[in-house]
Amino acid sequence: MSKYYDIDDILVEEEYVPVLFHKRANGVTIDPSAETNCAEQGSKVEVPFWLAHELQLRQAVSINLPACFDQKTRLEVQADAAYVDLRSRCPYFYEFGCKLEPLVTDRTLGILLSTAFKIRYKEALTKVYTAAHITASKYLSFLTKEETNLYEAAHLSSTAFKKWKTCGRRLERASILGRKRKDSN
Amino acid sequence: MYGRKGYQLLKDFASGEKGQLKPFNSKLFDETIEECDQNHHLLQSLIRKMQQEDLDVPNNRNADHYGALIHHLSLMRNKRCLMAYVYNRAEIVRDLAWRVGLELLDLPSEIQEKLTSLEKEYFKNHSVALKSYMGKVGIELNVDMVPPKDPYIKVRILDDIDEGIVLSDKTTNFARHSMHFLKRTDAEPYIARGQMEELTD
């Protein structure tokens, strides 16, 4: 309830999941492969998570695990979790997995998420302190949204610390105004 | 269909820098409302169909019911997207009042362009509420956003400021690139707007 207005929560719920319809639904064009204007019983369709969740509560569909959590990803995470490109699989990998976990029958999803996160979090924090921001850009493109937020928070705190050590400027232009555009004259 | 327009609206919002506004996307906003109307229309026709077949609408779970349910859920989803859009923009507008200044005209013009007239109204009302509260409490709450160290600081002027600004202890002319030794409370609003910068040595 407290996340009603949260933009990230809304964007996470937009991710697609494959569902299996148990009941027929008339007058909707959700199923692109259906010839008629409805979703047939027993048809497999990809729908956004928010819709799948509500329909499963009313026992109209059952949710299957989406492709981003498949066997290929699991094997890659087992091999070297820190450098797997999770962003291309799903930019909200962890949040999405957490929402799916109580709804699907797969019991190993939680373990996958927590092991991947532990290894990658440690790697991200090490990168903040050892690599310059520019050289780490390729690594940053592998991180999911949640991990990127953590990385940026760590980066901000380390620059603030360095600034404090050297007695830098304390009063600054309000960050809400955006970056300064250099005047030509 | 089915919540796409609401999602696009929020993606547009999220694609800006975090904590900063983009111009109000009234085109996508109106398209989302149109999509809601379409969902509502289809929902009503499915319910009417069930009533014509003399079925007990709330309890009968046939194919039309599930179709109507999907339309209803899409409508609620679009509503949530629209409300989140306006809510998050309002949060940034409130933030502007605290960090930059309580007068609408003090905001840089590029920020003013991005606000709709309703958001400008909201900004004005919020400023009025803040001012009356600060007047009653007797403390200025929007100074000293950073714990102060010295009462006076050295500043360099970056932008052209109107001449003859009256500060609390003197009247000065601010020429560009000139340096001054000002009271911190006077200089703070100008620094927040980017018209001056603090010199630390």
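Note on naming: letters A, B, ... go to the chains in the order of the sequence lines (proteins, then strands), and numbering restarts at 1 for each one.
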Item to complete: If the plane angle is over 60° it's perpendicular, under 30° parallel, otherwise tilted; pick one for Tyr5(A) and Tyr87(B).
Response: parallel

Worksheet, complete the sentence: Among Ile7(A), Leu11(A), Leu51(A), the residue with the most heavy-atom pairs under 4.5 Å to chain B is Ile7(A)

Item to complete: Using distance alone, with no hydrogens and no angle criterion, decide if Thr144(A) and Arg120(A) have a side-chain donor and acceptor under 3.5 Å apart.
Response: no

Worksheet entry | Option that, when pairs with chain A are counted at under 4.5 Å, heavy atom only, ranks first among Met76(B), Arg184(B), Arg193(B), Glu91(B) | Arg193(B)

Worksheet item: For Leu21(B), is it the side chain, the backbone, both or neither that has a heavy atom under 4.5 Å from a heavy atom of chain A?
Response: neither

Discussion item. For Ser74(B), which atoms come within 4.5 Å of any heavy atom of chain A: side chain, backbone, both, or neither?
Written reply: both

Discussion item. At a 4.5 Å cut-off on heavy atoms, which part of Lys49(B) comes close to chain A: side chain, backbone, both, or neither?
Written reply: side chain

Discussion item. Counting heavy-atom pairs closer than 4.5 Å to chain A, which one of Gly3(B), Gly6(B), Pro147(B) comes out on top?
Written reply: Pro147(B)

Worksheet item: What part of Leu46(B) lies closer than 4.5 angstrom to a heavy atom of chain A: side chain, backbone, both or neither?
Response: side chain

Discussion item. For Glu13(A), which atoms come within 4.5 Å of any heavy atom of chain B: side chain, backbone, both, or neither?
Written reply: both

Worksheet item: For Tyr85(B), is it the side chain, the backbone, both or neither that has a heavy atom under 4.5 Å from a heavy atom of chain A?
Response: neither

Item to complete: Provide the closest heavy-atom pair for Tyr139(A) versus Ala124(A) in the form atom of the first, atom of the second, distance.
Response: OH-N, 3.5 Å

Discussion item. Please determine whether a side-chain nitrogen of the Lys or Arg among Glu197(B) and Arg156(B) lies less than 4.0 Å from a carboxylate oxygen of the Asp or Glu.
Written reply: yes

Worksheet, complete the sentence: For Val104(A) and Asn64(A) the tightest heavy-atom approach is CG1-C, 4.4 Å

Worksheet item: Looking at Lys114(B) and Glu110(B), does any basic side-chain N land under 4.0 Å from a carboxylate oxygen?
Response: no

Worksheet entry | Top contributor to chain A contacts, counting heavy-atom pairs under 4.5 Å, from Lys11(B), Met83(B), Arg77(B) | Arg77(B)

Discussion item. For Thr73(A) and Arg89(A), which I'm curious about, is there any donor-acceptor pair between the side chains at under 3.5 Å?
Written reply: yes

Worksheet item: Does Arg4(B) reach the main-chain N or O of Glu35(B) with its side chain, forming a donor-acceptor pair under 3.5 Å?
Response: no

Worksheet item: Is it the backbone or the side chain of Arg99(B) that comes under 4.5 Å from a heavy atom of chain A, or both, or neither?
Response: both

Worksheet item: Side chain, backbone, both or neither: which part of Ile92(B) has a non-hydrogen atom closer than 4.5 Å to chain A?
Response: both

Discussion item. I'd like to know if the side chain of Tyr83(A) pairs up with that of Glu123(A) as donor and acceptor (distance under 3.5 Å, no hydrogens or angles considered).
Written reply: yes

Worksheet item: Between Asn88(B) and chain A, which part of the residue has a heavy atom less than 4.5 Å away: side chain, backbone, both or neither?
Response: side chain

Fill in: Pairs of heavy atoms under 4.5 Å with chain A: top-ranked of Leu10(B), Val86(B), Leu42(B), Leu107(B)
Leu10(B)

